[in-house]
Amino acid sequence: MVFAAPGEALTRAEELLGADPSPLHASVAHQVIGIWQRDFGDTRRALAHLRRARDLAARAESAEREADVLATLGVALVHAGRTRAGLEAFERGVARGSGHTRARVLYRRAYVWWVLGRHGEALEDVRRAIPVLRQVGDVIWTARALTLRATVHLAQGAVERADADFTAAEALWDTTGQEHDKADAVESRGLAAFRSGDVPAALRLLDEAEERYAKLGTPTFMLTIRRCEVLMAAGLATEALAEADGAVAALDGIGGQSTRKAELLLVAARAARLAGEPQTSLARAAVAVRLFAGQRRTWYETHARLVLIEARVATGRGSGRLVADAAAVAERLAAFGAPAAPEASLLAGRIALDLGWTADAERHLAVAARSRHGGPPLARMTGWAAQALRARAAGSARGVLEACRRGLDVLDDHRMTLGASELRARATAQGAELAALAQRASLASGGPRRLLGWSERWRATVLSAPPTRPPADPVLLTAMTAFRELAARAEEARSDGGRPAPALEREQRRLEREIRSRTLHMRGEAPGDGDRFDVRRLLRRLGDDVRLVELAVLDGRVQVLLCGQGRVRRFEAGLLADAEAEAEHVQAGLRRLAHPGAEARLPLVEAAGARLQHLLLGPAAAHLGSGPVVVVPPGRLHRVPWALLPALRERVLSVSPSASSWLRARDTAPPPGGRQVLVRGPGLATGGAEITELAQRYGAGRTPGVGAAWAPPPGSAYGRLPGPAAGGPTVLEGDAARVPRVLRELDGAALAHIAAHGTFRADSPLFSSLRMADGPLIVHDFERLDRSPYRIILPCCDTARFASVGADELLGLVTALLPLGTAGVVACTAPVNDAAAVPLMLALHKGLDAGLSLAEALRDARASLPDDAVHQATGWAFTAFGAA
């Protein structure tokens, strides 16, 4: 009962002890309390109750009772870090018990062997236990033993055997009322899904298990460990680190199991390394190694030593000693049959290469490269990375490129199983080394065309296919509606000069977690991208007039690839770090210029623009010709206001996340019907003045009703817009500008203009939003559209801000729209003066009315503004994205 209903079991055990029971019954009660404290409370109290239970069993002269308690005590001692005493308790338990009881003792010793990482002994004990448990019809313990055997198989990489045992155990659990064990079975299936490479299914099952545990009120430290592993594989290392550190603090707070603490520290160390925090990784891994060594858990200690070596290398401590340490770890992991063995061999080879020890590097890399032909996707990628390094050491550029191509193909297939655009973007980080190796090799051997091809191979890949549409999940839809209502109430409280209630903020954060969690469960629907980038096709589409400038970064320096007139030329510009720092200075200058009285800063901002041009374009600035320019920057330069650069200031200029994305936008046809939608959100400083003027212009002076659709008179200027809607534009304002109605009207529109407050969420970019009458319209909402507007204008602050994630990916509002059918967006990269944005927007629409593209109309609109500092800065802050 202590697992089926732990709270009730604890209460009944305490009541039994209060009724002066016999030694035999008191032994059972103390054992129950000991189990509860061991798994859900204080380990020291658990040991005290279990020792009392053992002594009472001896007084009752029941060998079977004593054997059973000794097994429970053995588990508790091992979890407390007292491995020798725990194993001695098991020796006595096996000797004291017989038949059915001994089988239960063997099962629990098998569990301890698994905790210690001694998988051979675990399989031997569980092999001896299962036939006896089956013979006596002990369904619960048979199911537990099968689940344990499956878990051991997973640790050894035998996924098919694990699946068979999990399936058999689940069938048995369905016949019992053991809710805790049922939750454990769901958790185990999540682990199996992860080991087979199905990240969305793993996240879904682990979340389901967490819900089941929550109903029982039981802690979930083992589940946290497994969830962190999945989060790291999905590229969410920062979140994994936060979860692991939080669990360590909670475990310390209750005096919990030392074994779990060590495992959590190991997970935290791995997460910190992947999150780019090597010092944190070093600290966590060192403590984990010490704890595992004290607990005599060699399997885990070896894994922790691997992370410790990786952290030392990341802090710049490469040495011959580390090569030997990594090689020794690889040998031990291989002897254990651990799937992490190739990672250790790759690490040893990589350190040896850096030291110039080519013979040693080849030996270790050859071992690691064997994993490229089998196993989960990330293991195969490890193998292909090793093969690429072998080829580089041998001087074979062709071999490097082939290995990188094969490795990135594996990752492409893995990414496309992920439905959530966030997971697809973050997963690309696992291919960053392969992409960098390929770019270096292509620069050395193939010239600018090959470098362009490899730059495109790993740039903004999340935009190469539409994200999977969120399911028509009533729970998800309800959570999104509730989130919107809470956010609106919080905004109302802030606007009244107060702060939202803490309970309101907590509930809002909970709903965010639920929305994001359910979104991450989505499986990918699209196959791998078979439409590979073709340099010749790009050059044909550019023709003689248009120039495309793609910026690649190799070893920290910007390489400018200038495409046009049938050729690709390469120029070397400045350091990326210097360009990033200058871009931040420009952003600060634009923020100040958004307010009157900062005119003296205008020359400083213009001078910074000239410095940015030197750092980003270098000599290429003199070869741009006189026609339109498309800039394709890396993700880390997404905040550059490109129109500020002197060579681009008076040009038709557009920005695209990749050349492939620009080509897709050029090929996107506008939707039939030509519907236009004008949206005005609440609380704007200007009241969304351009919406009023646009409505009057298009409606020939008529004032539309709230949310009404209205038609301009025949021959009005509006009718000359590309693909005009026969019934005129739809205007949504006031109470009509609510998220469901706005989404309905935006779906499939030819042009949308949304004047609303914009908020960028750096911590969670897919919760970046536009403020509507009923709350925030978030990126997750846009992903529900069948087709986003062909052209969309966002005159709100921060709508063109992104989070740079993965290898070279961007998450934000604009990048969410581009794969959904939007061919062109105008948005701003910095806060702007609301009043100055109104004439810019009106001039922009005037250009569209004349049949210009967004980039052409924006160029002319900037030129039409007054030449004061506020209006100039406003014009520079806006960018045209795409090709419409």
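- Contact annotation: the side chain of I254 never approaches that of T43 to less than 4.5 Å [non-hydrogen atoms, C-beta and beyond].
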Exercise. What do the steps show when you test T151 against F166 for side chain to side chain contact (heavy atoms under 4.5 Å, CB included), and what is the final call?
Worked result: CA-CA 9 Å; T151 305; F166 279 137; 4.1 Å; yes
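- Listed here is the closest heavy atom pair of R296 and L116: O-CD2, 4.0 Å.
- Every residue meeting the ring pair (Phe, Tyr, Trp, His ring centres under 6.0 Å) condition with H303, not counting sequence neighbours, appears here in chain and number order: W299.
- No side-chain donor-acceptor contact under 3.5 Å links T382 to the backbone of P342.
- Looking only at side-chain heavy atoms (C-beta outward), R227 and L203 come within less than 4.5 Å of each other.
- Taking the salt bridge (Lys or Arg N to Asp or Glu O under 4.0 Å) definition, one finds that R372 meets it with nothing, sequence neighbours left out.
- Atom CG of residue L813 and atom CG of residue L818 lie 9.5 Å apart, to the nearest 0.5 angstrom.
- The ring pair (Phe, Tyr, Trp, His ring centres under 6.0 Å) contacts involving residues 241-294 comprise F292-Y300, where partners must be two or more places apart or lie in separate chains.
- Across S769 and I778, no two heavy atoms sit closer than the pair CB-CG2, 3.9 Å.
- Judged as a ring pair (Phe, Tyr, Trp, His ring centres under 6.0 Å), the pairs with a partner in residues 188-215 (not counting sequence neighbours) are, in order, H180-Y213.
- Contact of the E263 side chain with the L266 side chain is not registered, since no non-hydrogen atoms from C-beta on lie closer than 4.5 Å.
- In this structure, the side chain of R297 does not engage the main chain of G117 through any donor-acceptor pair within 3.5 Å.
- Interatomic distance, CG of L205 versus CG of L191, reported as 10.5 Å (0.5 Å rounding).
- Ion pair R144/D184 not flagged as a salt bridge, since none of the NZ, NE, NH1 or NH2 atoms sits closer than 4.0 Å to an Asp/Glu carboxylate oxygen.
- Annotation: side chain to side chain donor-acceptor pair (under 3.5 Å) contacts of Q156 (sequence neighbours excluded): none.
- The side chain to side chain donor-acceptor pair (under 3.5 Å) search around T259 returns H79, not counting sequence neighbours.
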For this session: Decide yes or no on salt bridge (charged side-chain N to carboxylate O under 4.0 Å, His left out) for E208 and R212, but give the supporting numbers first.
Result: CA-CA 6 Å; E208 180 186 336; R212 289 172 178 252; 3.3 Å; yes
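- Partners of D325 according to the side chain to side chain donor-acceptor pair (under 3.5 Å) rule, which considers only residues two or more places apart in sequence or in another chain, are R321.
- Less than 6.0 angstrom separates the ring centroid of F767 from the ring centroid of H780.
- Pairs engaging residues 271-285 under the salt bridge (charged side-chain N to carboxylate O under 4.0 Å, His left out) rule: D245-R284, R273-E310 [sequence neighbours left out].
- Distance check: M232 CE to E239 CD gives 12.5 Å after rounding to the nearest 0.5 Å.
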For this session: Start with the C-alpha distance between Q295 and S258, add both sets of side-chain angles, then the distance that settles side chain to side chain contact (heavy atoms under 4.5 Å, CB included), and finish with yes or no.
Result: CA-CA 9 Å; Q295 295 163 2; S258 173; 2.8 Å; yes
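- In this structure, CG in L576 is found 5.5 Å from CG in L637, a value given to the nearest 0.5 Å.
- A heavy-atom distance below 4.5 Å is found between the side chains of L206 and V230.
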For this session: Run the numbers on L306 and L333 for side chain to side chain contact (heavy atoms under 4.5 Å, CB included), then give the verdict.
Result: CA-CA 9 Å; L306 171 59; L333 290 173; 4.1 Å; yes
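- Residue pairs meeting the ring pair (Phe, Tyr, Trp, His ring centres under 6.0 Å) criterion with at least one partner in residues 244-275, sequence neighbours excluded, are absent.
- Here CD1 of I351 is found 10.5 Å from CZ of R312. Values are rounded to the nearest 0.5 Å.
- The shortest distance between side-chain heavy atoms of L389 and E433 falls below 4.5 Å.
- We find that D163 and R189 are not joined by a salt bridge, their nearest charged nitrogen and carboxylate oxygen being 4.0 Å or further apart.
- W384 meets the ring pair (Phe, Tyr, Trp, His ring centres under 6.0 Å) test with H373; sequence neighbours excluded.
- Under the 4.0 Å criterion applied to side-chain N and carboxylate O atoms, D409 and R457 are assigned as salt-bridge partners.
- If you take CD1 on I225 and CD on E243, they are separated by 11.5 Å, rounding to the nearest 0.5 Å.
- Between W114 and H119, the closest side-chain pair of non-hydrogen atoms falls below 4.5 Å.
- Using a 4.5 Å heavy-atom threshold, the side chains of P776 and T759 count as separate.
- Here the shortest heavy-atom pairing between A247 and F221 reads O-CE2, 3.5 Å.
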For this session: Go through V152 and W113 one step at a time and tell me if the side chain to side chain contact (heavy atoms under 4.5 Å, CB included) criterion holds.
Result: CA-CA 10 Å; V152 176; W113 291 132; over 6 Å; no
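- Electrostatic pairing of R510 and E514 counts as a salt bridge here, judged by a charged N lying under 4.0 Å from a carboxylate O.
- No donor-acceptor contact under 3.5 angstrom links the side chains of Q279 and T315, judged on distance only.
- Using a cutoff of 4.0 Å between basic side-chain nitrogens and carboxylate oxygens, E229 and R226 are not scored as salt-bridged.
- Within 6.0 Å of NZ on K182 lie more than 12 heavy atoms contributed by other residues, nucleotides or ligands.
- A salt bridge is defined here as a Lys NZ or Arg NE, NH1 or NH2 lying under 4.0 Å from an Asp or Glu carboxylate O, and D413 with R380 fails to meet this definition.
- Screening residues 262-281 for ring pair (Phe, Tyr, Trp, His ring centres under 6.0 Å) gives no qualifying pairs among residues at least two apart or on separate chains.
- Heavy-atom minimum distance, A341 versus A334: CB-N, 3.7 Å.
- Using a 4.5 Å heavy-atom cutoff, the side chains of R161 and L154 are not in contact.
- For the pair S768 (side chain) and F760 (backbone), a donor-acceptor distance under 3.5 Å is absent.
- Of all heavy-atom pairs spanning V186 and A209, the tightest one is CG1-N, 3.9 Å.
- Applying the side chain to side chain donor-acceptor pair (under 3.5 Å) test to R38 and every residue at least two apart in sequence or in another chain returns nothing.
- Counting all heavy atoms, side chain and backbone alike, C228 lies closest to A244 at SG-N, 3.9 Å.
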